*Asks:* 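The structure under discussion is supplied below as structure tokens; questions concerning it will follow.
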2 protein chains.
Amino acid sequence: MTEAKRPRVPREKAQEIILNAAEELFYQEGIHAVSVDAIVERAGMNKMSVYRQFSSKTDLILAYMTRKQDVFWQEWEESIAKHPKRPREQIIQFFADLAERATNEQFRGCCFINVAVEFPDPIHPVRELVCSHQKRIRDAFLERTTALGASNPCELAYTLILLMEGTYADSQTYGTDSAAIRMVPAIVEKVLDQAIQN
Amino acid sequence: MTEAKRPRVPREKAQEIILNAAEELFYQEGIHAVSVDAIVERAGMNKMSVYRQFSSKTDLILAYMTRKQDVFWQEWEESIAKHPKRPREQIIQFFADLAERATNEQFRGCCFINVAVEFPDPIHPVRELVCSHQKRIRDAFLERTTALGASNPCELAYTLILLMEGTYADSQTYGTDSAAIRMVPAIVEKVLDQAIQN
DNA sequence: TAAGTTTGTTACTGAGTAGTAACAAAACGT
DNA sequence: ACGTTTTGTTACTACTCAGTAACAAACTTA
């Protein structure tokens with residue numbers, strides 16, 4: 001009998017494979033609902049390969065969130081880049097793209113809010129990441145509403161953030177069929193118009 | 001040695017004690033994070049007393065949600081009742097009261113969205129309850145925006161729903177310190193004014 | 001080729017999970 | 001008082017979880 005081969009995967013590659021599996025499962029199923037074993041199986045790897053890269057499940061969660069954070073800002077930049085130096089169109093575009101994503105079958109809302117829901121303890125490490133991310137979002141919106149020349153950039157920024165978070169939340173319940181999400185771009189347009197007027 | 005007494009609690013009373021404990025724990029800690037044993041301990045009761053009233057943990061969750069549903073409509077009615085036959089003030093009042101609650105230390109967002117986050121499976125029984133509740137909310141808003149005489153009652157209703165869900169979400173990250181939530185009543189006022197104007 | 005390092009594999013620990021069986025004690029109906 | 005129903009208590013099943021120990025196999029460097 002010939003012995004079966006045992007191909008090896010270097011740690012860099014292994015880390016990516018594991019994170020890919022973790023990302024899909026954590027986002028789709030939720031954190032508490034997904035065991036490390038489930039991630040191991042999905043990744044087609046070994047449990048020790050996970051714990052040699054990540055010291056704990058919490059560590060894995062943080063890596064997952066960091067990755068999602070990068071994705072968010074990448075999408076943000078993409079929407080912004082479609083209309084250089086035109087804040088109004090940039091903001092509308094962002095919400096149009098968001099609405100597009102939010103009506104996708106795979107969409108499961110904002111992963112940061114989702115994590116916050118599952119980890120109520122305010123001093124838990126994952127919460128700090130959520131909080132810092134939300135602050136960066138606020139700053140980004142505020143910067144755009146200021147560039148827009150809104151009469152009250154701060155209030156407008158918060159309005160947009162609420163609408164964004166509302167869109168995320170709505171997708172959780174209605175999914176592909178949300179009439180509210182389909183209206184989001186038009187709603188944002190109206191809000192922007194009013195904010196510039198006076 | 002005298003034997004310790006064993007005072008008994010009738011099932012109706014027991015059910016309420018259990019639900020009180022479940023409500024606090026489920027809402028504060030999340031569903032998956034709370035074990036039936038934890039609820040039993042919190043209620044100061046026995047495990048069998050729980051499983052004789054509720055056939056499963058899912059059953060308990062459904063009872064918890066039904067109770068929260070009642071609370072929501074009670075709060076809704078209270079806000080509405082403060083300004084009889086004045087839709088504009090009724091809506092503003094609802095958001096003012098919501099903002100008040102949302103900046104409370106104990107507030108942990110919308111329990112229905114929270115449940116949806118923890119139960120992604122769309123055919124899970126708890127999801128049906130979430131969905132039906134969202135639909136009732138939509139109808140209630142639509143009825144008020146229609147009474148208001150908005151030029152586009154449907155769009156306004158969805159705008160308000162997004163703002164409401166955004167408020168819930170925001171409280172999860174910023175809690176007591178949310179500048180966005182403090183601005184909500186003013187934001188809603190502006191949105192309403194614009195919706196009536198043309 | 002030889003020694004050291006990294007990865008794969010198996011088996012395990014200890015703790016927690018939802019849910020149940022069996023019986024004892026209390027309350028209730030008659 | 002007596003039998004029935006309801007409730008309290010203990011102990012249990014079968015399972016899942018995060019995390020680890022120990023060793024074997026593969027790769028790397030010298």
Side-chain angles (χ1 to χ4, degrees), chain A residues 1-23 25-26 28-65 115 118-121 124-126, chain B residues 1-22 25-26 29-65 115 118-121 124-126:
Chain A
M1 278 200 206
T2 54
E3 295 289 328
K5 296 177 192 175
R6 223 166 43 164
R8 288 174 40 158
V9 179
R11 62 188 145 75
E12 254 190 32
K13 190 87 183 171
Q15 206 170 50
E16 210 194 314
I17 294 173
I18 292 162
L19 269 179
N20 282 340
E23 189 178 340
L25 290 176
F26 279 154
Q28 293 297 325
E29 312 285 337
I31 310 290
H32 289 325
V34 171
S35 66
V36 175
D37 296 81
I39 294 170
V40 165
E41 195 188 348
R42 173 79 153 225
M45 301 211 63
N46 193 273
K47 201 171 194 177
M48 278 309 296
S49 302
V50 171
Y51 279 104
R52 278 198 263 253
Q53 311 290 334
F54 306 94
S55 66
S56 64
K57 190 183 179 182
T58 300
D59 225 50
L60 236 180
I61 300 166
L62 290 170
Y64 151 71
M65 292 172 75
V115 167
E118 292 205 72
F119 293 84
D121 181 2
H124 193 287
V126 302
Chain B
M1 276 200 206
T2 55
E3 294 289 327
K5 294 177 193 175
R6 224 167 43 165
R8 289 175 37 161
V9 179
R11 64 189 145 74
E12 254 190 33
K13 190 88 181 171
Q15 205 170 52
E16 210 194 314
I17 294 173
I18 293 162
L19 270 179
N20 283 340
L25 290 175
F26 280 153
E29 313 285 337
I31 310 290
H32 289 325
V34 171
S35 67
V36 175
D37 296 81
I39 294 170
V40 165
E41 195 187 348
R42 173 78 154 226
M45 301 212 62
N46 193 273
K47 201 171 193 174
M48 278 309 296
S49 302
V50 170
Y51 278 102
R52 278 200 262 252
Q53 310 291 333
F54 305 94
S55 66
S56 64
K57 189 183 179 183
T58 300
D59 225 49
L60 238 179
I61 300 167
L62 290 169
Y64 150 71
M65 292 172 74
V115 167
E118 293 205 71
F119 292 84
D121 181 2
H124 194 288
V126 301

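In what follows, chains carry the letters A, B, and so on, assigned in the order in which the sequence lines appear, proteins first and then strands, with residues in each chain numbered from 1. Please read all numbers here as calculations on a predicted model, not as lab measurements.
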*Asks:* Residues in side-chain contact (heavy atoms from CB on, under 4.5 Å) with A:Gln28, at least two apart?
*Replies:* A:Gln106, A:Arg108
*Asks:* Can you list, by residue number, the residues of residues 42-54 of chain B that have a non-hydrogen atom closer than 4.0 angstrom to DNA chain C?
*Replies:* B:Lys47, B:Met48, B:Tyr51
*Asks:* Measure from CG on B:Asp37 to P on C:dT20 and round the result to the nearest Å.
*Replies:*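 From B:Asp37 CG to C:dT20 P: 14 Å.
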*Asks:* Check side chain to side chain donor-acceptor pair (under 3.5 Å) between A:Asn46 and all other residues, then give those that pass, not counting sequence neighbours.
*Replies:*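 A:Asn46 satisfies side chain to side chain donor-acceptor pair (under 3.5 Å) with no other residue.
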*Asks:* Among all residues two or more places apart in sequence or in another chain, which pass the ring pair (Phe, Tyr, Trp, His ring centres under 6.0 Å) test with A:Phe119?
*Replies:*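 Once residues adjacent in sequence are excluded, the partners of A:Phe119 under the ring pair (Phe, Tyr, Trp, His ring centres under 6.0 Å) criterion are A:His32, A:His124.
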*Asks:* Going by side-chain contact (heavy atoms from CB on, under 4.5 Å), A:Ile18 matches just one of A:Leu60, A:Val40, A:Val9, A:Val36. Which one?
*Replies:*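 It is A:Leu60; the other options fail the test.
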*Asks:* Working to the nearest 0.5 angstrom, can you tell me the gap between B:Ser49 OG and B:Lys13 NZ?
*Replies:*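 The distance works out to 15.0 Å.
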*Asks:* State the CG-CD1 distance between B:Asn20 and B:Ile39, to the nearest 0.5 angstrom.
*Replies:* 11.5 Å
*Asks:* Send over the distance from B:Lys13 NZ to C:dA26 P, rounded to a whole Å.
*Replies:* 21 Å
*Asks:* Could you check A:Met45, A:Glu12, A:Arg42 and say which one makes a side-chain contact (heavy atoms from CB on, under 4.5 Å) with A:Ile17?
*Replies:*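 It is A:Met45; the other options fail the test.
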*Asks:* Can you pull every protein N or O that's under 3.5 Å from an N or O on nucleotides 28-30 of chain D?
*Replies:*
none

*Asks:* What pair of heavy atoms forms the shortest contact from B:Phe54 to B:Asp59, and how long is it?
*Replies:* CA-OD2, 3.9 Å
*Asks:* Take atom CZ of B:Arg11 and atom C1' of D:dG8, then tell me their distance rounded to the nearest Å.
*Replies:*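 Result: 17 Å.
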*Asks:* My understanding is that only residues two or more places apart in sequence, or in another chain, count here; which of them pass side chain to side chain donor-acceptor pair (under 3.5 Å) with A:Glu23?
*Replies:* A:Arg67
*Asks:* Starting at CD of A:Glu41, measure out to CG of A:Leu25 and round the result to the nearest 0.5 Å.
*Replies:*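 Interatomic distance, A:Glu41 CD to A:Leu25 CG, rounded to 0.5 Å: 9.5 Å.
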*Asks:* Round to the nearest Å and state the distance from A:Ile31 atom CD1 to D:dA18 atom C1'.
*Replies:*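 Spelled out: CD1 on A:Ile31 to C1' on D:dA18 is 15 Å.
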*Asks:* If every non-hydrogen atom of A:Leu19 is compared with every non-hydrogen atom of A:Tyr64, which pair is closest and at what distance?
*Replies:*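 Nearest heavy atoms, A:Leu19 then A:Tyr64: CD2-N, 3.9 Å.
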*Asks:* Take the protein atom CD1 of B:Ile39 and the nucleotide atom P of C:dG16, then report the distance between them rounded to whole Å.
*Replies:*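 Between P of C:dG16 and CD1 of B:Ile39: 17 Å.
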*Asks:* Please give the angle, rounded to 10 degrees, between the axes at the start and the end of the helix from C:dT1-D:dA30 to C:dT30-D:dA1, where five pairs define each axis.
*Replies:* 10°
*Asks:* Name all pairs fulfilling the salt bridge (charged side-chain N to carboxylate O under 4.0 Å, His left out) condition that reach into residues 45-57 of chain B, sequence neighbours left out, sorted by first residue then second.
*Replies:* B:Asp37-B:Lys47
*Asks:* Where the side chain of B:Val9 is defined as all heavy atoms beyond and including C-beta, which of D:dA18, C:dG19, D:dG8 is the nearest nucleotide?
*Replies:* D:dG8
*Asks:* Rounding to a whole Å, what distance do you find between B:His32:NE2 and C:dT17:C1'?
*Replies:* 13 Å
*Asks:* Between atom CD in B:Glu12 and atom P in C:dA27, what is the gap in whole Å?
*Replies:*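 Computing the B:Glu12:CD to C:dA27:P distance gives 18 Å.
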*Asks:* Identify all pairs in which a protein N or O lies below 3.5 Å from an N or O of nucleotides 3-5 of chain C, and state each distance.
*Replies:*
none

*Asks:* Please enumerate all residues that pass side chain to side chain donor-acceptor pair (under 3.5 Å) together with B:Arg11, with sequence neighbours excluded.
*Replies:*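 B:Arg11 satisfies side chain to side chain donor-acceptor pair (under 3.5 Å) with no residue once adjacent residues are dropped.
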